[in-house]
Amino acid sequence: MDYKILNQTQENGIAIITINRPKAMNALNTLFFAEMNSMLDEIDSNKNIRVLIITGAGKTFVAGADIAEMSNMNSELGTRFSRIGQNVFDKIEKLPFPTIAAINGYALGGGLELTLACDIRIASTKAVLGQPEVNLGLIPGYAGTQRLTRLIGVGDALYLLYTADMISADEALRLKLVQKVTEPEALMETAMKIATKISRKGNNAIKQVKNVVRKGINLDFDKGQLLEAQVFGSMFDTEETKEGMSAFLEKRKPKW
Ligand code: DAK
């Protein structure tokens, strides 16, 4: 095994996964997906975790799928490799709590697709983002064609996919591909601040925001509104909501 994912579960319910495979700029291979898959199962079943941050070790986030491994694939293996990656990235997207990609350097191809499965993206000024698959005679294989288009719109997504341009953090911010840009030294601190802020809100409320937004995006507007109303209504039976509103009326901080 020539890579490591360090999982440091913090006391405040913030978990950090650091992708660390320096020899190949943290490129994603079959072993990565197997490790990531079981780590996600572990994180998902840990009821103390409120936010997950994913970042890369060193100067790279992830420079894409492992080109050396892909170069030996036939179409059957390629489809399988793509489905394995899609399933792992779906698992990230479906985690019941918020996820933040802290993009410290190159986030290319599968690396950018990994960030797209997260809820929020923060980039260091050193980040470089792109979908360069067409340079290799490929298309994205981990739902990049789908998530990028839904996130930034058809025109900008096709521009990036056609040109394979590697863009700066500021350009990514302009495209709303990332939500914040920070100095490199401040990246993890900023990610932690955002995660901490989220972790102090009502836990069920945060989970339901994700649930309703993520499900609603795939529904028509009326069905999305109906889902919102049902979830909104269900919250009035929870201690969390009662405590949140009582605390406001009693001019104190909620105890949860
Ligand atoms: N895979 C494997 N090794 C990689 C790599 C990658 N994606 N990216 C970099 N490396 C390795 C290099 O080969 C080099 O190894 P050594 O020669 O030292 O052994 C080492 O990392 C350092 O790279 P460089 O010497 O190139 O470093 P530079 O600073 O000069 O350049 C770079 C950094 C990130 C601009 C450059 O390495 C680069 O362009 N890397 C490739 C980026 C890329 O094209 N990534 C997208 C990969 S395509 C699918 C499934 C998935 C996908 C598609 C289809 N199906 C199954 C259908 C997804 C595809 C992709 O992600």
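Ligands are counted one by one from 1 in listed order, and the atoms in each one are counted from 1 as well.
Within the 4.0 Å heavy-atom shell around ligand 1 one does not find Asn135.
For atom 49 (C) of ligand 1, the nearest protein heavy atom is under 4.0 Å away. Within a 4.0 Å radius of atom 23 (O) of ligand 1, the protein contributes one or more non-hydrogen atoms. At a distance under 4.0 Å, no protein heavy atom can be found next to atom 36 (C) of ligand 1. Atom 1 (N) of ligand 1 is flagged as protein-proximal [any protein heavy atom, distance under 4.0 Å]. Note that atom 7 (N) of ligand 1 has protein non-hydrogen atoms nearby, at separations under 4.0 angstrom. In this structure, atom 40 (N) of ligand 1 has no protein heavy-atom contact shorter than 4.0 Å. Distances from atom 13 (O) of ligand 1 to the protein include no heavy-atom value under 4.0 Å. For atom 61 (O) of ligand 1, a protein non-hydrogen atom is found at a distance below 4.0 Å.
In this structure, Lys242 places its NZ atom where more than 12 heavy-atom neighbours from other residues, nucleotides or ligands lie under 6.0 Å away. For Arg83, the CZ atom is loosely surrounded, since the number of other residues' heavy atoms within 6.0 Å does not exceed 12. Within 6.0 Å of the CD1 atom in Ile217, the count of heavy atoms belonging to other residues, nucleotides or ligands does not exceed 12. Enclosure of atom CD in Glu228 is not indicated, since only 12 or fewer non-hydrogen atoms of other residues, nucleotides or ligands lie within 6.0 angstrom. Atom CD of Glu76 sits in a sparse spot, with 12 or fewer heavy atoms from other residues, nucleotides or ligands closer than 6.0 Å. A 6.0 Å sphere centred on NZ of Lys210 holds more than 12 heavy atoms belonging to other residues, nucleotides or ligands.
Considering backbone and side-chain N/O of Met70, none are found under 3.5 Å from N/O of ligand 1.
Taking a cutoff of 4.0 Å between a charged side-chain nitrogen and a carboxylate oxygen, Lys255 and Glu239 do not qualify as a salt bridge. The pair Asp44-Lys91 does not count as a salt bridge, with every side-chain nitrogen at least 4.0 angstrom from each carboxylate oxygen. Between Lys176 and Asp156 there is no salt bridge, since no side-chain N of the basic residue sits under 4.0 Å from a carboxylate O of the acidic one.
Looking at heavy atoms from C-beta onward, Ser246 lies in side-chain contact with Arg252 at the 4.5 angstrom threshold.
Here is the list of ligand 1 atoms found below 4.0 Å of a heavy atom in Gly110: 60 (C), 61 (O). The distance from ligand 1 to the heavy atoms of Ile139 drops below 4.0 Å at these ligand atoms: 53 (C), 54 (C). With ligand atoms numbered from 1 in the order given, ligand 1 contributes 20 (C), 21 (O) to contacts under 4.0 Å with heavy atoms of Lys23. Each of the following atoms of ligand 1 lies closer than 4.0 Å to a heavy atom of Glu133: 48 (S), 58 (C), 59 (C), 60 (C), 61 (O). Those atoms of ligand 1 with a heavy atom of Ile67 less than 4.0 angstrom away are 1 (N), 2 (C), 6 (C), 7 (N), 41 (C), 44 (O).
Residues Ile92 and Cys118 come closest through the heavy atom pair CG2-SG, 4.2 Å.
Residue contacts with ligand 1 for Ala65 involve both N, CA, C or O and side-chain atoms from C-beta outward (heavy atoms, distance under 4.0 Å).
Results of the side chain to side chain donor-acceptor pair (under 3.5 Å) test with Asn211 over Arg214, Gln208, Lys207 single out Gln208 as the only residue that passes.
Protein heavy atom nearest atom 42 (C) of ligand 1, with residue, atom name and distance: Ala63 O, 3.5 Å. Ala24 CB, 3.9 Å is the protein heavy atom nearest to atom 3 (N) of ligand 1. Of the protein's heavy atoms, Met25 CG, 3.4 Å lies nearest to atom 21 (O) of ligand 1. Ranking protein heavy atoms by distance to atom 52 (C) of ligand 1, first place goes to Gly141 N, 3.5 Å. Considering only non-hydrogen protein atoms, atom 56 (C) of ligand 1 sits nearest to Gly78 O, 2.7 Å.
Taking each of Ser82, Gly111, Pro132 in turn, the one with a heavy atom nearest to atom 55 (N) of ligand 1 proves to be Ser82. Which of Leu136, Leu138, Leu108 comes nearest to atom 47 (C) of ligand 1 through a heavy atom is settled by distance: it is Leu136.
A distance-only check finds a donor-acceptor pair linking the side chain of Asn26 to the backbone of Ile19 [under 3.5 Å].
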